[in-house]
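Okay, so here's the structure we're looking at.
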2 protein chains.
Amino acid sequence: MSVDGGGVPRPEGGLGTTARHAVTAEEVARRAGVSQSAVSRAFTPGASVAAKTREKVLAAARELGYRPNAMARTLITNRSRIIGVVMAYLDNMIYPDVLEKLAAGLQQRGYQMLLFTGFKDRNSDPVFEQIMQYRVDGLLLASTTLSSDLSDECAAAGVPVVMFNRMTEHPLCSSVTSDNRNGGRQIAEFLVAGGHRRFAYVAGAAISSTNRDREAGFREGLLRHGIGQIGHAEGNLELADTWVAARDLFAADEPPDAVFAGSDHMALAVMEVARHEFGLRVPEDVSIVGYDDVGAARWPSFSLTSFTLPVAPMVDAAVELMMEQIESSSILSHHRVVPGRLAVRGSARLPGGPVLDRDGTLIWAPGGTE
Amino acid sequence: MSVDGGGVPRPEGGLGTTARHAVTAEEVARRAGVSQSAVSRAFTPGASVAAKTREKVLAAARELGYRPNAMARTLITNRSRIIGVVMAYLDNMIYPDVLEKLAAGLQQRGYQMLLFTGFKDRNSDPVFEQIMQYRVDGLLLASTTLSSDLSDECAAAGVPVVMFNRMTEHPLCSSVTSDNRNGGRQIAEFLVAGGHRRFAYVAGAAISSTNRDREAGFREGLLRHGIGQIGHAEGNLELADTWVAARDLFAADEPPDAVFAGSDHMALAVMEVARHEFGLRVPEDVSIVGYDDVGAARWPSFSLTSFTLPVAPMVDAAVELMMEQIESSSILSHHRVVPGRLAVRGSARLPGGPVLDRDGTLIWAPGGTE
DNA sequence: CAGGAAATTGCATACGCATGCAAAAAAAGC
DNA sequence: GCTTTTTTTGCATGCGTATGCAATTTCCTG
C-alpha cells in the first residue's frame, strides 16, 4: 500500500551543479555591514569581536538563516569534531544503553558521532577507509577491533583509538573494559559456594578478548577448588547458536548443574531452553549466571543473577580518554578497567555466604574479595 | 582500577596549529609526476583519465597512504554523502535491528550516518542546528518528529526529510510507517473473536502518531462490535511507567481480560506484572497482544501474539525514498505505508476462525481482510 | 587634550579538492 | 604524412571558513 502526496520540485539555484545554495558568511557580512572575518569571529567563542558587532552579525545571521559550514571549518582547523564509532553488533541488550550514553557524552562536548555497524565476527577494517576519509578526530570501537596495520595508520594520522569492551595488545590504542577476569572468577566462587558440581561455560565470539577473559577468570576460579573439567559450548553471541549450544549441554550424559554464559543475552537463551525444552527448574535443577546485567535480567520471569557491566562509568571513561587525547594531540595507550559486582538474583542457588543489599541490589561479598 | 601504559607523544608537524598533517592530493601528484587534477580524477569514478595515469596515481597514493579528504570534497560538490539520523530512543527492541539495516542500506549506497539520539518525549529540534552545520544530504527521523518551522527550513535548504515509524502533516516531509491503524483494527477483531469482554489499551508516547493510529484502529475495530468503553493506561514507552500502568489496570474493579499494548516492549512488561504480581495466567485469565513483533516475542516464556512491524521493507522504503530525493534534487512528500500481519502465538486466546501457517508463523486471516 | 596601550577590524591567504576550459597528446580517417 | 576527431592533461579558479598581520578605532592615563 502506498499513499503518495505531491512532489514539490526544489528551486534550482543556477547551472544544475549548484543546485542548492546555503547562506554563507560572506552574505551575512554584507547584510551586517562588516567583513567576513567579523562574521567568523562572531561565531567563534572567545574571538576578538566587539559586543555590538557580534549583535549585528547574529541579527543578520538570524534573518538570513545562516549556519556555519562545519565542513569548511574542518578544512582549516583540521578538527572535524566527529568521532567515528564502530559497533560490532547491537543485539546485545547493553548497546542501546551504551549508544545513548555515548551520544549524550559526545554531544555535551560538542562532538558528533559517525556510526558504523555490523562487524560481529570480524574486525572493523572494511569500513576503515570510509571513516578516515571523513577525518574523524577519534575512533571508538565498541566490541570490535582493528588490525594492527590500521591501528598503526591511525596513530600515524594522529587519530586516537579507544576500544570499548575489548582489549588489545596494540601499543597505540586505548581501551575500556569491565573487570572481566575478576567477574568470571567471582562467578566461579559463587557457584562453587552454592554447592554445584558440574559446570559449563557458554562462550561468545572466539575473537573477543572480553569472552576470553571471562572464561579464563571462570576457569581460574574453578581451578582454585580443584575443578578442571567443565562443559563448554559456543553460543557465539547469536541467539540461534546459543539455542543449539544449550541443547547440546543439557542433552549430555552428565548435564551441568551450573551454567555461566558469557553474556546475559546468551544466558537468557540458555534459560529458555532449560525451562521450556528440558523442563528444568531454575535454579533448583540448574543455576544460570550471566554477565552484563542487562535490563531484562531484572524481569521477574528471568531474575537472572549476573555480573554487572558498569555501562555508565565505562562510557564516561571512554569519552574522557578520547577527549584527553584529542585535546593534547597525543596518542596514549591507557587501559582502564572498571570494576563491576555480582548482582544476585534468583537464577542461581544461593551460597551460605553473605549477600548484602546495596542500593537495592543484592551483592555477594565473600570475605576479602572486595 | 586502572592500568596505564605509556603515553606516546604525537610528532608535531610545525607551528602547533598544524599539528597533524594528512597526505594531500598535491603530494601524491608530485610523487606520481602528474598534476593534482590528475590525482583527483584518478579517484573520481568515470572521470577522464588514461588507465596508465590512474595506475601511477594509485600506486603513489598507496605508497604515501593518501586518502581523499571528504570534507574538502563536500565543499566543492555540495554533497556530504552523510545522512543525519535521529533516533528517539533505542530501548524499543526493534531499534537495534532498524539501525543495523539502515546502516547497511546507506553504506551500500556510499552514504554515512551521523547519529543523534535521546528524543523520546520531545521533537528533534534541539540537535537540528548541529545536524545542519554538517550539511547532511538528508535527514531521517526514527520515531521522532521535527517542528513545522524546521521542516520548512529543511525544505528550503534542499534537505529531504524522511520520517520512520511516524507520520506527519507537513507537506514537505516523507514518511514510512507500518499500517498501524489496520493493525489495531485487526487486533480488535482478533480479541473480540476470541470471546473477550473487557478491553484495555496501554498507550505509548502521547505525541506519537504511531501510538495514536494504533489506538484509533483498536477502538474502531471494537466499536464495530459495539464496544465503546475500554480501559486506558499510559505506558509511555517506559518500562517503569508501564509497570505502574499495568498495576492500575489489573487492580481495577473490573480488570480487563484482553490487553493491547502499543508496543511489544510494553506488552512484555504488562505480561510480567500480570503473571508475577497478580498471579494471572496468560492467556487463560488475560490475553495480551503487542505490536512490533520483536525477537523476544518469540521466546517461549512470552510467546507474545503481536502485530508485525515489517522492519526490513520499511527500512528499504525509507532508504529508497531518501535516495530518490537526493538524486533528483527535489523534495517529495510521499507517505509509504507497509502492511504487516498478526503473528499469532500463545499470549492471547485463539478465536475459532482460521489461523494459517505461513512461513512458520501463524497468521490469523479472517475472511476478506487481506 | 595629548599620547600610548588595548581592543577591534579588515585584508589577504590558505585549507584540499573538483571542474570548466584550453592546450597537448593520441587516435582515427583519408 | 597531414588533417580531423577524440582523449587526456594541466592550469586556474572557487567552494566557505579561520587566522596572522597590519591598520584602525576605542579606551585610559596623566
Side-chain angles (χ1 to χ4, degrees), chain A residues 13-57 60-61 64-81 132-135 157, chain B residues 13-57 60-61 64-81 132-135 157:
Chain A
L15 293 150
T17 55
T18 322
R20 68 182 130 136
H21 169 71
V23 182
T24 73
E26 189 65 46
E27 301 176 64
V28 175
R30 261 204 302 282
R31 172 127 187 166
V34 297
S35 73
Q36 179 265 319
S37 335
V39 176
S40 168
R41 291 188 176 109
F43 279 91
T44 307
S48 170
V49 207
K52 222 180 68 182
T53 311
R54 162 171 276 135
E55 284 314 312
K56 269 195 302 186
V57 170
L64 296 177
Y66 169 74
R67 250 181 288 275
N69 185 326
M71 304 310 216
R73 184 198 321 243
T74 296
L75 207 53
I76 300 183
T77 61
N78 221 4
R79 297 259 130 130
S80 60
R81 299 196 81 82
M132 295 302 276
Q133 292 198 5
Y134 281 89
R135 297 300 189 261
Chain B
L15 292 149
T17 56
T18 322
R20 69 182 128 138
H21 168 72
V23 182
T24 74
E26 188 65 47
E27 301 175 64
V28 175
R30 263 204 301 283
R31 172 128 187 168
V34 298
S35 72
Q36 179 264 318
S37 338
V39 176
S40 168
R41 291 187 176 110
F43 280 91
T44 307
S48 170
V49 207
K52 224 180 66 184
T53 311
R54 162 170 276 135
E55 285 313 311
K56 270 196 302 189
V57 171
L64 296 177
Y66 169 74
R67 249 182 290 275
N69 186 326
M71 305 309 217
R73 184 199 321 244
T74 296
L75 207 53
I76 301 181
T77 60
N78 222 2
R79 297 259 132 134
S80 60
R81 299 197 81 83
M132 295 302 276
Q133 292 198 5
Y134 282 89
R135 298 299 189 262

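Letters A, B, ... are given to chains in the order of the sequence lines, protein chains preceding strands, and every chain is numbered from 1. Quick caveat: nothing in here was measured; it's all calculated off a predicted structure.
- Phosphate proximity of D:dG10 to B:S35: present, with a side-chain N or O under 4.0 Å from OP1 or OP2.
- A heavy-atom distance below 4.0 Å to DNA chain D is reached by these residues of residues 69-76 of chain B, ordered by number: B:L75, B:I76.
- Comparing B:Q36 and A:A38 by the nucleotide of DNA chain D whose heavy atom lies nearest to each, the residue mapping closer to the 5' end is B:Q36.
- Judged by distance alone, the side chain of B:T44 and the main-chain N or O of B:A47 form no donor-acceptor pair under 3.5 Å.
- Close to C:dG16, at under 4.0 Å from its OP1 or OP2, lies no side-chain N or O of A:Y134.
- The CG-P distance, from A:N78 to D:dG16, rounds to 20 Å in whole Å.
- Residues B:Q36 and B:E26 approach most closely at CB-OE1, 3.9 Å, considering heavy atoms.
- Of all the heavy atoms in A:G65 and A:V23, the pair that sits closest is O-CG2, 4.1 Å.
- Look at CZ on A:R79: it is 12 Å from P on D:dT19, rounded to the nearest Å.
- Proximity of residues 39-55 of chain A to DNA chain D (heavy atom under 4.0 angstrom from any strand atom) is restricted to A:S40, A:R41.
- Shortest non-hydrogen contact noted between B:A42 and B:V49 is N-CG2, 4.0 Å.
- For the pair A:R30 CZ and C:dG10 C1', the computed distance is 16 Å after rounding to whole Å.
- Judged by distance alone with a 3.5 Å cut-off, a donor-acceptor contact links the side chain of A:S37 to the base of C:dC11.
- Rounded to the nearest 0.5 angstrom, B:N78 CG and A:M71 CE are separated by 10.5 Å.
- A donor-acceptor pair under 3.5 Å is absent between the side-chain atoms of B:S80 and the main chain of B:T74, judged by distance alone.
- Spacing between atom CD of A:E26 and atom C1' of C:dA12 amounts to 13 Å, rounded to whole angstrom units.
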Stepwise side chain to side chain contact (heavy atoms under 4.5 Å, CB included) check, A:V57 with A:F43:
CA-CA 9 Å; A:V57 170; A:F43 279 91; 4.2 Å; yes
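- Minimum interatomic distance between B:S48 and B:R41 (heavy atoms only, all atoms of both residues): O-CD, 3.6 Å.
- Between B:T53 and B:A38, the closest heavy-atom pair is CG2-CB, 4.4 Å.
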